[in-house]
Amino acid sequence: MADGDLKTLSAMLPADAPYHPATIGWRKPGGSWVSAPFEHSDAGVEVETGKDGRSFRIIVSKKDAAAIDIAFPVPASFQAFGGGERFETLDLRGQSVRYYLENFGLGNGTYLPSPWIATTLGYALFLPDEAPAVFHIAAPFDPNMLRIQVEGDRLELEIHLGGLGDLYKALIGRIGPPLMPEDSFFSLWKAGDWRFENAKTVAADIAGHARLRLPMGIKLIDAYWASEVHSFAFDMEKYPDAWEMVARMADDGTGIYLWLCPWVVVGTRSFDHARENGYVIVDRDGQLITRRPGANPNIVAALIDFSNPEASAWWSENLRNLLKQGIKGFKADFGEQLPEHAVLKSGETGGRAHNAFVRYYLEATIDAFDGRAPAIISRSGSPRVRAPIWSGDQTSDFCPKTGLPSAIRAAQSASLAGWSFVGSDLGGYFGTPTPQVFARWTQFSCFTPLMMLHGLGCREPWDMDAGSIEIFKRYARLHLALLPVFRRYGREAAGGGLPLLRMMPLAFPEIDWKGVNDWDQQYMLGDDILVAPVAFYGNTRAVYLPHGDWYDVLAGEWVAGPAWRIHDVALDKVPVFIRRDAQFLLSTDEKNRRAILLHFPQPSGEIEIPQKPLAGEDDAWTVEAVGVVGSRGISGMAGGEVSSASPAMRADIESWFGEDIIWFPPVGDGQRGAALSGRTETD
């Protein structure tokens, strides 16, 4: 760089700023790394300042380099978050985080990689390109550096400044908000064991939900529902009255999702058609590339080349036809298998396009909805397409890196990376859950947008012990009641605001979370609900409450934070804390938009419930009753006769949030203040 360039660079990236790079390095083809100070490297460097003055872009290029890295000095103590969906830890300091899509939903792997790392040092780093990369975040071999390595002869990096909330909003401003699903996404989902699923198991699921008096909002028919993979036609031996079944279930309020995968199986007519038309992926010599998907020894398959517009259109049209016949949506499974030696129709090689392949796959699937809200869930994802997801294949236990604790981290980290509409396989995927694991996973799933029974082995509550049945019924009803909450904060997330599920450092950035044990096992649902699932063998649960006043639902009392709360949590309970002055709706009748309003009053002064507690005409719920929770100590409070809300629903709410609730009927604007007015005994 020339002296003038150095002065300009110094003005934009002050030497004492934590986001000032220390070094630039590059690797020669087949050789070792060469490193030089940032200002004195002979690599080409360009730096631009964003229009807002709160962001920068750095471009480093080095002719004939096989890879490039850039490193930032970091102090001994800080935290880093992001990197997409993470299972092992949410604080990434000390980790090497790959931006590389993997069929690996546990430990340090991920189905949802993100090229974004946010730090507590006041900045975040974002790679706009889709090429694979690695973030070494004060890794043990390099503890004083945050180092980014990208394959190729060019590295483009964006730096955004601010606190964690600002950095999240900057990320969403850069990649766009998540796709808001329709209400059925927040209903109860039932999938089956794909090894045995057929019309009889579907009928058993219908009967099971009827026995529990629970609506089945979505029935997911998993692999292999088709006569052959991607014939796009039901296997009539497994489902002899398939379309009559679809119509009957739709009439009963159950939508059907069908399983998809991005391959065609060798030896089928679908494969022959795809190969003849150039829809499958080949190598640079034009030779077909085949895989054994899911490590299945009985299947050899070829990947569909969704970068080919003709292949993508063929795919979309076939899905469109299924939608026209009454199918509700699709489960887009897999997407991680593109090998490095593949050559796509777009001209990209598999090494560079590995992360992009799932984007092509999801975009072709979404195109089938012709601009409507896409009814899909996917296991793998691209930061550029944030459709609803589930966290993949966890083990049915409390293993920290593979079981329920990892699913709790996955939901939070995926949300922070831009995927707000998240969930997991209730009970885990691999293995049959014990009653304890099933109960605790049910409680966690209740407080996530997606509540889905799925996995290998028994996941049918009606075939379990009486205790498991009652726990599932209790929390399934609560999940359905939370629909207005999911919609309220879902719309906020889809509009560019904070995600539905918020990890504690995002919700309370003023706290130094490094000193709080197990903070990654509790989270906020929206602004006011703190959920702390029990994710281990045993019932004693310690929960950290940030500053402010909280209603401890288990204890039925108000608590002032910051404080630790320790409970012996019965198997049918889950620790939940509500912020003072919170108010939210609970659905009593989703179809007719009828609800009960819960209010958690201020510590002193008059208690006022506004006529329209939530903004948004599209969420115009008819309030049947108002419940003031945690009202002990408030003088002059006396409930009225509540006739429009069912006693059963009020009993449910008291079982979820405690019996310390004073009930009021809904009244008009002029009367509401007087009817709900009271003063605390401390006034």
Side-chain angles (χ1 to χ4, degrees), residues 100-105 110-113 130 194 220-226 228-232 257-275 277-283 288-296 299-320 322 327 329-346 348-369 374 376-382 384-390 392-393:
Y100 191 79
L101 181 62
E102 299 175 88
N103 183 352
F104 200 60
T110 184
Y111 301 112
L112 300 174
E130 290 180 287
W194 62 268
L220 169 59
I221 300 181
D222 216 316
Y224 291 93
W225 58 272
E228 60 182 41
V229 175
H230 301 324
S231 65
F232 303 101
Y257 275 49
L258 297 177
W259 176 86
L260 303 174
C261 62
W263 62 68
V264 284
V265 176
V266 174
T268 64
R269 287 170 295 178
S270 303
F271 168 78
D272 292 340
H273 175 79
R275 188 175 191 184
N277 287 276
Y279 297 166
V280 292
I281 290 176
V282 297
D283 63 18
L288 180 70
I289 297 176
T290 60
R291 313 278 290 180
R292 293 195 181 275
N296 189 329
I299 297 177
V300 176
L303 286 170
I304 299 168
D305 188 349
F306 294 101
S307 78
N308 180 344
E310 294 180 0
S312 180
W314 164 75
W315 176 267
S316 301
E317 184 60 24
N318 279 290
L319 299 188
R320 190 176 291 114
L322 290 169
I327 295 304
F330 303 103
K331 170 186 175 180
D333 206 353
F334 291 93
E336 314 92 353
Q337 299 82 18
L338 187 69
E340 292 190 3
H341 63 292
V343 178
L344 303 186
K345 183 73 172 181
S346 63
E348 300 167 287
T349 61
R352 180 170 179 78
H354 181 85
N355 293 333
F357 177 76
V358 72
R359 172 173 60 84
Y360 290 129
Y361 170 34
L362 295 178
E363 287 173 343
T365 304
I366 290 171
D367 282 348
F369 292 87
I376 70 169
I377 59 171
S378 68
R379 185 178 73 176
S380 297
S382 160
R384 303 186 186 191
V385 182
R386 284 158 321 289
I389 62 100
W390 85 102
D393 301 343

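All figures in this text were calculated on a predicted structure; none of them were measured in a lab.
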Does the ring center of H230 lie less than 6.0 Å from the ring center of F232?
yes
Roughly how far, to the nearest 0.5 Å, is [atom2] of [Y] from [atom1] of [X]?
X: L260; Y: D333; atom1: CG; atom2: CG; answer: 9.0 Å
X: L101; Y: L112; atom1: CG; atom2: CG; answer: 8.0 Å
X: K331; Y: C261; atom1: NZ; atom2: SG; answer: 11.0 Å
X: F357; Y: S307; atom1: CZ; atom2: OG; answer: 9.0 Å
X: Y279; Y: S312; atom1: OH; atom2: OG; answer: 10.5 Å

Let's go through R379 and E336 carefully: what are the C-alpha distance in whole Å and the side-chain angles of both, what is the deciding distance for salt bridge (Lys or Arg N to Asp or Glu O under 4.0 Å) to 0.1 Å, and is it a yes or a no?
CA-CA 10 Å; R379 185 178 73 176; E336 314 92 353; 2.9 Å; yes
Who are the ring pair (Phe, Tyr, Trp, His ring centres under 6.0 Å) partners of H354, not counting sequence neighbours?
Y100
Minimum heavy-atom distance between Y111 and N103, given as atom pair plus value:
CE2-OD1, 3.6 Å
Nearest heavy-atom approach of L344 to A353 is CD1-CB, 3.8 Å
Under 4.0 Å between a Lys/Arg side-chain N and an Asp/Glu carboxylate O for R320 and D367?
no
Should R352 and E130 count as an ion pair when the cut-off is N to O under 4.0 Å?
no
Could you list all the salt bridge (Lys or Arg N to Asp or Glu O under 4.0 Å) pairs where at least one residue sits in residues 262-275, not counting sequence neighbours?
E228-R269
Pair listing, salt bridge (Lys or Arg N to Asp or Glu O under 4.0 Å) test, anchored in residues 337-346, at least two apart:
none
Test log, rule ring-ring contact (aromatic ring centres under 6.0 Å, His included), inputs Y361 and F306:
CA-CA 6 Å; Y361 170 34; F306 294 101; 5.4 Å; yes
Tell me whether the rings of W263 and W259 are parallel (<30°), tilted (30 to 60°) or perpendicular (>60°).
perpendicular
